[in-house]
There are 2 protein chains.
Amino acid sequence: MKNISKEDYLSAIYKLRDEAGEIKPNIIAENLEISPAAVTDMLKKLSTDGFVQYKKYKGIKLTAKGERYAVHMIRKHRLWETFLFEVLKMPWEKIHSEAEKLEHSSSDELVDKLEEYLNYPKFDPHGYPIPDKNGSLPKHKPVIALSELRKNDKGTIARISDFKSELLVYAAKQGLSLGQKFTVKDKLDFDGSVIIKINTNEVSLSKKIASNIFIVMEE
Amino acid sequence: MKNISKEDYLSAIYKLRDEAGEIKPNIIAENLEISPAAVTDMLKKLSTDGFVQYKKYKGIKLTAKGERYAVHMIRKHRLWETFLFEVLKMPWEKIHSEAEKLEHSSSDELVDKLEEYLNYPKFDPHGYPIPDKNGSLPKHKPVIALSELRKNDKGTIARISDFKSELLVYAAKQGLSLGQKFTVKDKLDFDGSVIIKINTNEVSLSKKIASNIFIVMEE
DNA sequence: ATATATTTTTAAGTGAACTTAAATATTAAA
DNA sequence: TTTAATATTTAAGTTCACTTAAAAATATAT
């Protein structure tokens, strides 16, 4: 049996809100790899504790308190990821799962010291913004999924989703990394795949992959 | 309800073996701040899993497997303490409880990288030896409790027990730290307290305190 | 608009690590 | 060595975060 904490639910709801629109128990269950019934259970508890707004069969929303807490956890997660990657030089695809454990086992004081030691980084190794002590995100240009671009669009890789480590391994193997400029050479309508040119290389990316790579458009 | 893992039991048994001689359920219960009944419960599980040798009403021993595991956990603990103190500059008295959480949330790979980053430290900030990857402890001179010394004995402070953070705060306040040389000026028989001279200062330490400070004798 | 499919909730049950209280062993003292 | 004190174990019960299966509500398709 997996044993997921309230903290995980809050982070998951926060993140899903950005990706999906309305949040339903099913999506949370899928995301955390547990049964929908367990989600219903926990939503009741989170609701009585004032972290989420929840009415049976209706959508789910974080309260202000819940949002604060979620951002707090995400801050911990991203600072740990940065530490593991930048300082300990752990491989890109391993830092997410490792940070997922550490985020539940570190005090605020520790994380603040960590942030100081890392010199107040603004983005984690996957390109996600790191909230500061007050929960504010650093300013950054809007990102969109690579899968949304059309032929001849140009942009810079800004973020690669960490939801599956295989994706990160694959992206690295294809020579993709944050900050690289590229041009969309082609987009195949029938399967949604995208062919981009980075430096002199042409790389073909499936729709699934492209929708997990986020970029900043060249204006 | 506290929720202590098997890992905690193994570390506790390992550490208690050094301090107390024979290990009884009661001592473990006290150490982990849980009921003796819970200890009996867990001992059965650890026994069937092959981590401890356990017969009802008899003493408890780690098996080779249990010992390996315990050393492994202690390695993690002490490396994390070193990191928190040396790198993040967290206060001495806070690193123990923080490391106690982190040790359960970090993979072997992470801890090995941490060790490398710290440049293979041999002792943690409290003076405890750090086991290497293979579980071997660094060579070090034998230490004895300060409470065992007699008048005019000389020595060097080598270790200060981390079992209570108050002790660490107190020791620091009295100006005690690892590596300091001292002379026993007096020992009061009726309460076991010890007066030592460090540099030009004379400090009086209760028996309780003195029995938690370990030193290397001057030959 | 009704039937069907999907989603969500409820109900009942599990396993892990506890708890307290009572029963049983062991150890120490008279 | 018998009794008293202490330590340990057993028994029964709790809490937490799950599970599966059935019931209920909502959404979708014809």
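Chain letters run A, B, ... following the sequence lines, proteins first and then strands; every chain starts at 1. The structure displayed is predicted, hence computed values, not measured ones. Because only heavy atoms are used, hydrogens play no part in the values below, and waters and symmetry mates are left out as well, while side chains stay in.
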Quick one: which protein N/O atoms are closer than 3.5 Å to N/O atoms of nucleotides 5-11 of chain D? Pair and distance per line, please.
{"unit_1": "D/dT8", "atom_1": "OP2", "unit_2": "B/N26", "atom_2": "N", "d": "2.9"}
{"unit_1": "D/dT8", "atom_1": "OP2", "unit_2": "B/N26", "atom_2": "ND2", "d": "3.4"}
{"unit_1": "D/dT9", "atom_1": "OP1", "unit_2": "B/Y54", "atom_2": "OH", "d": "2.5"}
{"unit_1": "D/dT9", "atom_1": "OP1", "unit_2": "B/Y57", "atom_2": "N", "d": "2.9"}
{"unit_1": "D/dT9", "atom_1": "OP2", "unit_2": "B/T40", "atom_2": "OG1", "d": "3.0"}
{"unit_1": "D/dT9", "atom_1": "OP2", "unit_2": "B/Y54", "atom_2": "OH", "d": "3.3"}
{"unit_1": "D/dT9", "atom_1": "O4'", "unit_2": "B/Y57", "atom_2": "OH", "d": "3.4"}
{"unit_1": "D/dT10", "atom_1": "OP1", "unit_2": "B/K56", "atom_2": "NZ", "d": "2.4"}
{"unit_1": "D/dT10", "atom_1": "OP2", "unit_2": "B/K44", "atom_2": "NZ", "d": "2.6"}

Sequence neighbours left out, what passes side-chain contact (heavy atoms from CB on, under 4.5 Å) with A/N152? Give chain and number order. none
Partners meeting side-chain contact (heavy atoms from CB on, under 4.5 Å) with B/Y14 (sequence neighbours left out): B/R17, B/D18, B/L62, B/E67, B/A70, B/V71, B/I74, B/L137
If you take the centroid of each ring, where Trp contributes its six-membered ring, are A/F51 and A/Y69 closer together than 6.0 Å? yes
Please work out which of the three classes, parallel, tilted or perpendicular, describes the rings of B/F83 and A/F83, given edges at 30° and 60°. tilted
Atom-to-atom span, [atom1] of [X] to [atom2] of [N] - whole angstrom:
X	N	atom1	atom2	result
A/E33	D/dC18	CD	P	12 Å
B/D49	C/dA16	CG	P	10 Å
A/L46	D/dC18	CG	P	11 Å
A/E22	C/dT6	CD	C1'	15 Å
A/N31	C/dT7	CG	C1'	17 Å
B/I34	D/dT15	CD1	C1'	16 Å
B/K45	C/dG15	NZ	P	12 Å
A/L32	D/dC18	CG	P	8 Å

May I ask you to evaluate whether A/S35 reaches the phosphate of D/dT19, defined as a side-chain N or O under 4.0 Å from OP1 or OP2? yes
Salt bridge flag under 4.0 Å for residues B/K6 and B/D49: yes
With A/H126, the ring pair (Phe, Tyr, Trp, His ring centres under 6.0 Å) member among A/F85, A/F214, A/W92: A/W92
